[in-house]
Every structure is written in C-alpha cells, then in structure tokens.
Amino acid sequence: MSLSLVQSRALLGLEAAAVTVEVHLANGLPSFTLVGLADVEVKEARERVRSALQNSGLEFPGNKRITVNLAPADLPKDSGRFDLAIALGILAASGQINATALVGYEFAGELSLSGELRPVRGALAMSLALHRQQVRAKLVLPPGSAEEAALVPDAQVYRARHLLDVVQHFLPQDAAASGAAAPPQNDNPGWQRLTATTLPADTPYADLADVKGQSIPKRALEIAAAGGHSLLMMGPPGSGKSMLAQRFAGLLPPMAVDEALQSAAIASLGGRFSLARWMQRPTCSPHHTASAVALVGGGSPPRPGEISLAHHGVLFLDELPEFPRAALEALREPLETGSITISRAARRAEFPAQFQLIAAMNPCPCGYLGARLKPCRCTPDQVARYQSRISGPLMDRIDLHVEVASVAADELLKAPPGESTPAIRARVQAARARAVARQGTPNQALQGQQIDQHALLDPAASQFLQTAAARLGWSGRATHRALKVARTIADLAGASHTQVTHVAEAVQYRRSLQARS
C-alpha cells in the first residue's frame with residue numbers, strides 16, 4: 001500500500017487539535033516533500049526521519065517520491081512532535097509495518113538521528129484533549145512525556161524509548177513471526193503501558209513561621225488566601241515582603257485533581273512541568289524587566305505567559321513600579337476575567353489565567369520613605385512620579401493594600417517563630433468552604449447581583465461602607481472589592497452576616513493607597 005494515515009495532535013493554546021499525517025509514496029524523481037502549514041522545525045523532520053530510519057536498520061524508500069501532508073492544512077504545526085508519526089507513516093506506506101494496526105493509536109515524539117525518542121511539549125494537553133472529547137485512543141509517547149500524559153484519569157498511555165520499540169508492535173504478522181527488526185533487549189522494556197501516578201499525601205511549602213513579626217501583613221495574607229483576593233505590599237527594603245509572598249501559596253487550599261491537571265497542562269506547554277511539583281500550586285516570579293508578551297503570553301503560535309503559568313497559583317511581581325507600563329496594563333483584563341485571549345492575524349488562542357496577584361513595592365525610589373532605620377532623601381515630586389508608574393485602574397483592581405514596616409533587630413533576633421502555615425491554612429480552608437457552600441465560588445469571584453445577594457450586610461455595616469467610600473473617594477469597583485474583602489473577613493470569623501467590624505477592617509486595607517495618591 002503506497003498511502004498510509006497516522007494520527008497525531010498539534011498544539012494551539014490549550015487545545016490539542018487532531019492532525020492526520022498522510023504519507024504517499026509514488027514513482028518519479030526521488031524527493032521528500034512535507035506540506036500542511038508546517039513550521040521550520042517540522043520541515044526539518046525530513047532529515048531526522050531519514051537518519052533515524054537508516055540508523056535503526058529500517059529501509060528508507062529513497063528511490064520514491066515521498067509526500068507527507070499534515071491535515072488540516074490551515075492549522076499551524078510546530079516543533080518536532082510529528083517525527084514519530086511521519087516515520088511510522090513512511091514505514092506503513094512502504095509495507096514495513098501493518099498500516100491497519102495503527103488505527104486507534106495517536107503518536108507524538110521527536111526522533112534523534114539514532115532513532116531514540118525525545119520528549120515533546122504539551123503531552124498532558126494531548127491526553128486532556130482525548131479525555132474531554134471522550135476519544136478512546138491510545139497515546140504513544142517518549143519517556144518524560146508519557147509520564148505527564150498518564151496523570152489524566154483513564155488515559156491509555158504507552159511509553160516507547162526507541163523507534164524500534166514502536167515498530168516491533170506494528171510489524172506484519174509474517175515479519176513478527178520471523179523476529180525481523182526486533183528491538184534490543186534489556187532489563188527495562190522499551191514499550192510499557194503506564195498507569196496513573198499515585199498522588200502525594202502532602203505537598204511541601206515554605207513555612208510562614210520563618211517570618212518573625214509582621215502580624216498585619218500575615219493577617220492580610222490570610223484574608224487574601226481565604227477569599228482569593230489580590231494583595232499589594234509596600235515597605236522599605238529588607239522588611240520581609242518577598243519572604244511573605246514566597247510563602248503565600250502554602251496558605252491556599254489543596255488543589256483538586258482537575259485544578260492540578262489544568263495547571264500541569266499549561267506548565268507542560270511552557271516546558272516547565274515536573275512530576276515532583278504535581279499537585280503543588282505554582283508561584284511564578286518574573287523579573288521586573290519582563291515584557292508584556294512574557295507576562296500575558298504571545299508568539300506565533302501563541303504560548304502561555306507567566307499569568308497562565310500561574311493558573312490556580314500565585315503570580316508574584318516584586319518591584320512592581322519597575323515593570324514596563326505596557327506589561328502592567330496588560331494585567332487589567334486577566335485580573336477581572338481570569339483568562340487571556342491572544343489574537344493574531346490568522347489564529348487566536350485563549351489561555352486560563354485564574355491567578356492570585358501578590359505584588360510588592362518600595363514606597364519611594366530610595367525605598368526608605370517612612371522607615372525607622374534610615375531617612376528618606378527623595379523629594380515629593382520623585383515620590384509622586386515613582387508611585388504614579390502604577391496606574392489608578394490597576395491599583396483599583398488590587399483588593400488589599402498593606403504596609404510592611406521594618407522589623408527592629410531585637411524583635412528579629414529574640415522573637416519566637418510565628419504561627420505555622422498549616423495552622424493558618426486550616427482557617428483558610430474553613431472560610432473558603434463556607435463561601436463555596438453559600439455561593440459556589442470564592443468571594444473574589446462574586447459579580448453583579450451576587451455581591452448584594454451573598455454579602456449579607458448588616459444595616460449599620462452598609463451605612464459605614466457608604467460613608468467610608470464617599471469620604472475616601474472610592475470608585476464603584478473599589479467599593480465592591482472592599483465589600484468582598486469584608487465578606488471574607490466575616491467568613492474567617494464564622495459570621496453569617498457581614499458586620500461593622502468586618503467592614504472596618506476591610507476599609508483599613510485600602511487606606512494606604514488613598515494616602516499615597
């Protein structure tokens with residue numbers, strides 16, 4: 001048979017679209033043509049496949065006109081993920097393997113010149129796509145990629161180390177009986193069915209007890225974790241802002257399996273997935289020189305940015321005013337919607353971005369405005385210009401603003417360790433459970449009429465909030481965000497209604513912003 005079909009998948013955002021690799025062998029001048037909107041990396045597969053087949057002892061039909069079509073033709077394809085499928089298509093079209101036996105399998109893997117299989121990006125996204133579409137196909141993947149794909153429940157994943165390991169399972173019956181092209185035998189079989197990875201009992205995080213003092217910022221972190229709120233910490237250098245932010249992920253409730261799969265799939269697209277971090281909430285900390293594309297994603301084809309890699313986790317932006325203005329402004333929409341849509345002329349991709357923003361900044365260029373340890377030498381104009389690098393609309397979208405003061409030496413050296421992360425996380429889980437039982441979502445996700453329906457403001461608390469919003473000049477968004485923070489404080493206290501004390505504490509977490517503006 002001179003025509004063969006092999007199934008694979010391309011990546012476009014989190015979507016793993018099905019791709020049919022069509023291989024046709026014809027008489028004529030010897031050539032190897034690859035069509036179907038293939039990127040440069042895909043077109044280079046011609047040389048990799050040729051060398052892999054020859055070095056594996058298989059026959060490459062060099063006297064034929066080889067045409068490989070990656071269908072659909074209008075779908076962009078990139079990377080070396082189609083190497084294995086192209087090689088198998090050539091072998092099937094030339095009669096070296098059984099073409100009908102390939103039905104029901106999907107293949108992805110990059111080939112080395114010796115025929116070894118190398119891992120590819122997005123293996124978990126491929127397995128998730130099969131799971132969501134209820135396609136009962138068997139995935140054949142290289143080591144490092146197969147382990148990712150096997151995390152999806154009920155996935156049928158096979159790990160192959162070498163091209164010959166795959167060929168051995170699709171030989172024609174007469175060739176299989178004679179033992180032709182048998183893969184090398186060793187203690188570790190090259191072809192293996194993988195089962196779902198056992199989930200760890202506990203996920204290690206840095207302990208908040210390492211931070212001494214700072215009771216107010218710790219309280220703000222607890223509120224942010226319980227309600228899913230964003231947080232800005234402002235204070236002089238060395239006051240502990242980074243330590244607090246790096247320990248925030250440990251306060252969040254444990255990840256559900258669906259959340260872990262989504263987070264891991266995005267990490268797999270970015271080439272950052274590690275089995276050691278399975279079920280662990282990510283904390284992304286991009287440098288302040290990061291561009292807008294690095295933060296929100298982009299490229300051709302589009303790839304996820306830091307906000308998507310922090311999905312169901314934490315995005316920590318240290319030295320917030322030092323980030324490019326365009327990069328910070330690009331965060332406005334994801335903070336509201338929890339997703340980012342990247343549009344290009346020919347294609348658009350949507351990535352989830354339900355992250356919690358934890359930002360830190362100095363109060364002035366020198367960093368010591370209001371500090372007890374050193375005097376500030378910045379002029380009022382310099383302070384105003386520095387703080388104005390963060391726009392009002394972006395600040396309006398950050399729920400909590402807290403000042404982190406310097407810790408005196410005697411308190412730092414003599415103070416006992418603070419409350420541990422597990423103890424705080426227990427309270428956070430209880431408060432989050434109350435909110436989810438009441439409204440189905442964390443408080444930060446409440447929108448429109450849901451806020452009025454579930455805030456359950458006492459009359460005195462409502463009057464207090466109206467007075468505070470009028471005196472402080474809050475926008476409607478700022479008022480609603482303060483109300484949602486107050487609802488979270490009430491949940492932490494176990495109160496059914498939001499009372500004046502809860503609203504008063506929520507107001508305190510926005511006053512520092514108004515004092516600086």
Side-chain angles (χ1 to χ4, degrees), residues 1-26 28 30-53 60-61 64-94 96-97 99-100 102-112 115 117-123 125-127 129-130 133 135 137-142 145 149 160 163 166-167 170 268-269 299-303 344-349:
M1 182 179 182
S2 61
L3 177 66
S4 65
L5 305 178
V6 183
Q7 299 300 319
S8 185
R9 287 189 178 264
L11 296 178
L12 183 64
L14 269 182
E15 299 177 6
V19 171
T20 302
V21 180
E22 304 172 333
V23 180
H24 180 239
L25 303 184
S31 63
F32 193 162
T33 306
L34 201 155
V35 297
L37 203 57
D39 200 358
V40 175
E41 298 166 330
V42 182
K43 292 182 178 180
E44 291 174 347
R46 293 175 296 189
E47 306 306 322
R48 292 193 295 270
V49 169
R50 186 197 311 269
S51 298
L53 291 176
F60 180 79
K64 296 288 186 177
R65 179 171 180 170
I66 305 173
T67 303
V68 178
N69 178 42
L70 305 178
D74 62 341
L75 181 69
K77 293 96 179 173
D78 68 329
S79 77
R81 61 189 313 103
F82 301 104
D83 290 5
L84 177 58
I86 293 172
L88 294 176
I90 293 175
L91 294 174
S94 59
Q96 300 180 63
I97 62 174
T100 58
L102 298 175
V103 177
Y105 286 86
E106 294 191 4
F107 303 87
E110 179 182 332
L111 285 172
S112 70
L117 289 174
R118 292 172 174 166
V120 294
R121 293 185 301 106
M126 295 176 60
S127 187
L130 293 175
Q133 298 170 13
V135 178
K138 302 174 183 177
L139 273 176
V140 179
L141 296 167
S145 297
L163 174 61
V166 183
V167 171
F170 300 101
S268 177
L269 289 178
S300 183
R303 292 192 180 184
R344 296 293 180 262
R347 194 67 60 172
R348 65 193 297 269

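All heavy atoms count here, side chains included; hydrogens, waters and symmetry mates do not. The first residue of the sequence shown is numbered 1, and numbering continues consecutively from there.
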- Message: Between D78 and R121, does any side-chain N to carboxylate O distance fall below 4.0 Å?
- Response: yes
- Note on the structure: Rounded to the nearest 0.5 angstrom, the NZ-CZ distance for K43 and F32 is 13.0 Å
- Are S2 and H24 side-chain neighbours, meaning at least one heavy-atom pair lies under 4.5 Å? yes
- Donor-acceptor pair, side chain of R50 and main chain of E47, under 3.5 angstrom: no
- Query: Checking S145 side chain against P119 main chain: does a donor-acceptor pair fall under 3.5 Å?
  - Reply: no
- Distance, nearest 0.5 Å, that separates NZ of K77 from CG of L34: 9.5 Å
- What pair of heavy atoms forms the shortest contact from A125 to L14, and how long is it? CB-O, 4.3 Å
- Message: For V120 versus A108, what's the shortest heavy-atom pair and its separation?
- Response: CG2-CB, 4.4 Å
- Side-chain heavy-atom pair F107, V166 within 4.5 angstrom cut-off: yes
- In short, A10 meets P76 closest at the heavy-atom pair CB-O, 4.1 Å
- Message: Using only atom types and a distance under 3.5 Å, with no angle test, would you say the side chain of E41 pairs donor to acceptor with the backbone of S79?
- Response: yes
- Residue pairs passing the salt bridge (charged side-chain N to carboxylate O under 4.0 Å, His left out) test where at least one lies in residues 9-22, sequence neighbours excluded: R9-E106
- Note on the structure: Interatomic distance, CG@L102 vs OG@S4, rounded to 0.5 Å, equals 7.5 Å
- Could you state the interatomic distance from CG (L111) to CG (L163), rounded to the nearest 0.5 Å? 5.5 Å
- Query: If you look at every heavy atom in S268 and A123, which pair is closest and at what distance?
  - Reply: OG-N, 3.4 Å
- Nearest heavy-atom neighbours spanning I66 and V23: CG2-CG1, 4.4 Å
- Non-hydrogen side-chain atoms of V21 and L5 separated by less than 4.5 Å: no
- Item | Close side-chain approach of V68 to T33, heavy-atom, < 4.5 Å | no
- Message: For the backbone of E110 and the side chain of D83, can you confirm whether one donor and one acceptor N or O come within less than 3.5 Å of each other?
- Response: no
- Message: So which atom in L11 and which in G122 form the shortest heavy-atom distance, rounded to 0.1 Å?
- Response: CD1-CA, 3.7 Å
- Item | Side chains of V42 and L70 in contact at under 4.5 Å (non-hydrogen atoms) | yes
- Query: Any side-chain heavy-atom pair from I86 and V6 closer than 4.5 angstrom?
  - Reply: no
- Query: Quick one: are V49 and I90 in side-chain contact, heavy atoms under 4.5 Å?
  - Reply: yes
- Message: With heavy-atom distances below 4.5 Å as the criterion, would you say the side chains of L25 and R65 are in contact?
- Response: no
- Take V140 and K138 through the side-chain contact (heavy atoms from CB on, under 4.5 Å) test and state the conclusion after the steps. CA-CA 7 Å; V140 179; K138 302 174 183 177; 5.6 Å; no
- Message: Determine whether Q7 and T20 satisfy the following criterion, side-chain hydrogen bond (donor to acceptor under 3.5 Å, both in side chains), listing intermediate values before the conclusion.
- Response: CA-CA 5 Å; Q7 299 300 319; T20 302; 3.3 Å; yes
- Take S112 and R118 through the test side-chain contact (heavy atoms from CB on, under 4.5 Å) and record every step on the way to the result. CA-CA 7 Å; S112 70; R118 292 172 174 166; 3.5 Å; yes
- Give a yes or no on whether the backbone of G28 and the side-chain of K64 come within a donor-acceptor separation of less than 3.5 Å. no
- What do you reckon, are the aromatic ring centroids of Y105 and F170 less than 6.0 Å apart? yes
- Query: Does S94 use its side chain to pair, donor to acceptor, with the backbone of L91 at less than 3.5 Å?
  - Reply: yes
- Starting at CZ of F82, measure out to OG of S8 and round the result to the nearest 0.5 Å. 5.0 Å
